[in-house]
J.: 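Pasting a structure here, questions to come.
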Amino acid sequence: MRYNVAQLLKGPTGIRRKYLFREEIGGLDPELEPVQPLSGEVTLLRTSQGILVTGRLTTTLQLTCRRCLEPCLTEVEINLEEEFFPTVRIADTVLDKAPDEDYEDALLIDEHHLLDLTEVIRQNLWLAIPMETLCRPDCAGLCPRCGGNRNLGECHCAPTDFDPRWAALLKLNLESSDSNERSD
Ligand SMILES: [Zn+2]
Ligand SMILES: [Zn+2]
């Protein structure tokens, strides 16, 4: 995930290089469980201040279904658009000074002119994970009584009269009407 951008920095603003990207990302983050390499294409573009990286990369992660807690495979896509700035100047290159607030540790090209996408990719993968991961849109979830997986068939528990998610709310309502009575 590291690119030597010395040649690109020596060139004029606007030149670009495209790279096919295919990397195993098993060791990228202990909490991410990729089941496929991350693949796609990245473009490095020489800007007046540094290198703009754009690209669309996809992989498949093993996540946990929010309702039934079973593992589920989810394809995630990241769209990179990050500008990296050199920490050292190459002789005879013309570079505008980037605003101080744009300098972030993750977005610096090191003294060997290596641009490292690792941290940017890790952060973008986390952002790409859907908030509600479901094994399928109509996942029936777990039975609130026996904990059985309802996708695997009906359990033998009596049907509940109301959605268990409302239980907490109902309890709150009862409590607040109690306190109303007391204040009367
Ligand atoms: Zn599920
Ligand atoms: Zn049940």
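What's counted below: heavy atoms across the whole structure, side chains too, no hydrogens, waters or symmetry copies.
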J.: What distance do T64 atom OG1 and Q62 atom CD have between them, rounded to the nearest 0.5 Å?
T.: 7.0 Å
J.: Does the side chain of T47 come under 3.5 Å of the side chain of E83 through a donor N or O and an acceptor N or O?
T.: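 Result is yes, a qualifying pair exists.
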J.: Are any of the side-chain heavy atoms of K10 and R46 separated by less than 4.5 Å?
T.: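 A side-chain contact under 4.5 Å is absent here.
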J.: Dump the intermediate steps for side-chain contact (heavy atoms from CB on, under 4.5 Å) on L107 and E82, then the final yes or no.
T.: CA-CA 8 Å; L107 300 179; E82 302 282 357; 3.8 Å; yes
J.: Apply side-chain contact (heavy atoms from CB on, under 4.5 Å) to V88 and H112, showing your working.
T.: CA-CA 9 Å; V88 292; H112 306 294; over 6 Å; no
J.: When you compare the side chain of I25 with that of M1, does any pair of heavy atoms fall below 4.5 Å?
T.: yes
J.: Are Y3 and R17 packed together at the side-chain level, in the sense that at least one heavy-atom pair is separated by less than 4.5 angstrom?
T.: no
J.: Would you check if the side chain of N151 reaches a backbone N or O of A140 as a donor-acceptor pair within less than 3.5 Å?
T.: yes
J.: I need the N4 CG to H113 NE2 distance, nearest 0.5 Å.
T.: 7.0 Å
J.: I need the minimum non-hydrogen distance between T58 and R56, along with the two atoms involved.
T.: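 Of all heavy-atom pairs spanning T58 and R56, the closest is CG2-NH2, 4.0 Å.
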J.: Are I51 and Y19 joined in one hydrophobic group, where the rule is that I, L, V, M, F, W and Y side chains link up if heavy atoms are under 4.5 Å apart?
T.: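 Result: yes, single cluster for both.
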J.: Would you say the side chains of E81 and N79 form a donor-acceptor pair under 3.5 Å?
T.: no
J.: So, taking the atom named CH2 in W126 and the one named CD1 in I78, what distance separates them when rounded to the nearest 0.5 Å?
T.: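 Nearest 0.5 Å value for the CH2-CD1 distance: 13.5 Å.
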J.: Please tell me whether L134 and L63 are part of a single hydrophobic cluster in this structure, the criterion being side-chain heavy atoms less than 4.5 Å apart.
T.: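 No: no chain of side-chain contacts under 4.5 Å links L134 to L63.
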J.: Do you know the tightest heavy-atom contact between L142 and G147?
T.: CD2-O, 3.6 Å
J.: Give the table of side-chain donor-acceptor pairs shorter than 3.5 Å for residues 33-41, with sequence neighbours excluded, one pair per line with atom names and distance.
T.:
from	atom 1	to	atom 2	distance (Å)
Q36	OE1	T60	OG1	3.1

J.: Quick check: is L44 connected to L80 through a chain of hydrophobic side chains (ILVMFWY, heavy atoms under 4.5 Å apart)?
T.: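 Linked, L80 and L44 end up in one cluster.
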J.: Is there a side-chain contact between L32 and I129 in this structure, where contact means two heavy atoms from C-beta onward sitting under 4.5 Å apart?
T.: yes
J.: Does I109 reach the side chain of L114, with side-chain heavy atoms less than 4.5 Å apart?
T.: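 No; the side chains remain at least 4.5 Å from each other.
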J.: Are C65 and E132 side-chain neighbours, meaning at least one heavy-atom pair lies under 4.5 Å?
T.: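 Not in contact.
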J.: Once you round to the nearest 0.5 Å, how far does CG of L57 lie from CG of L125?
T.: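 If I round to the nearest 0.5 Å, the distance is 8.5 Å.
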J.: So which atom in D116 and which in F84 form the shortest heavy-atom distance, rounded to 0.1 Å?
T.: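 What the structure gives for the nearest pair is O-CE2, 3.6 Å.
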J.: Do you reckon L45 sits in the same ILVMFWY cluster as L8, going by side-chain contacts under 4.5 Å, direct or chained?
T.: no
J.: Which heavy atom of C157 sits nearest to which heavy atom of R145, and what is that distance?
T.: SG-CB, 3.8 Å
J.: Roughly how far, to the nearest 0.5 Å, is CG of N149 from CZ of R67?
T.: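 Spacing of CZ (R67) from CG (N149) equals 12.0 Å.
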J.: Is the shortest heavy-atom distance from the side chain of L9 to the side chain of P86 under 4.5 Å?
T.: yes
J.: Measure the spacing between CG of N124 and CG of L127 and express it to the nearest 0.5 Å.
T.: 6.0 Å
J.: Take a 6.0 Å sphere around CZ of R136 and say whether it holds more than 12 heavy atoms from other residues, nucleotides or ligands.
T.: yes
J.: F85, L52: one ILVMFWY side-chain cluster at the under-4.5 Å cut-off?
T.: no
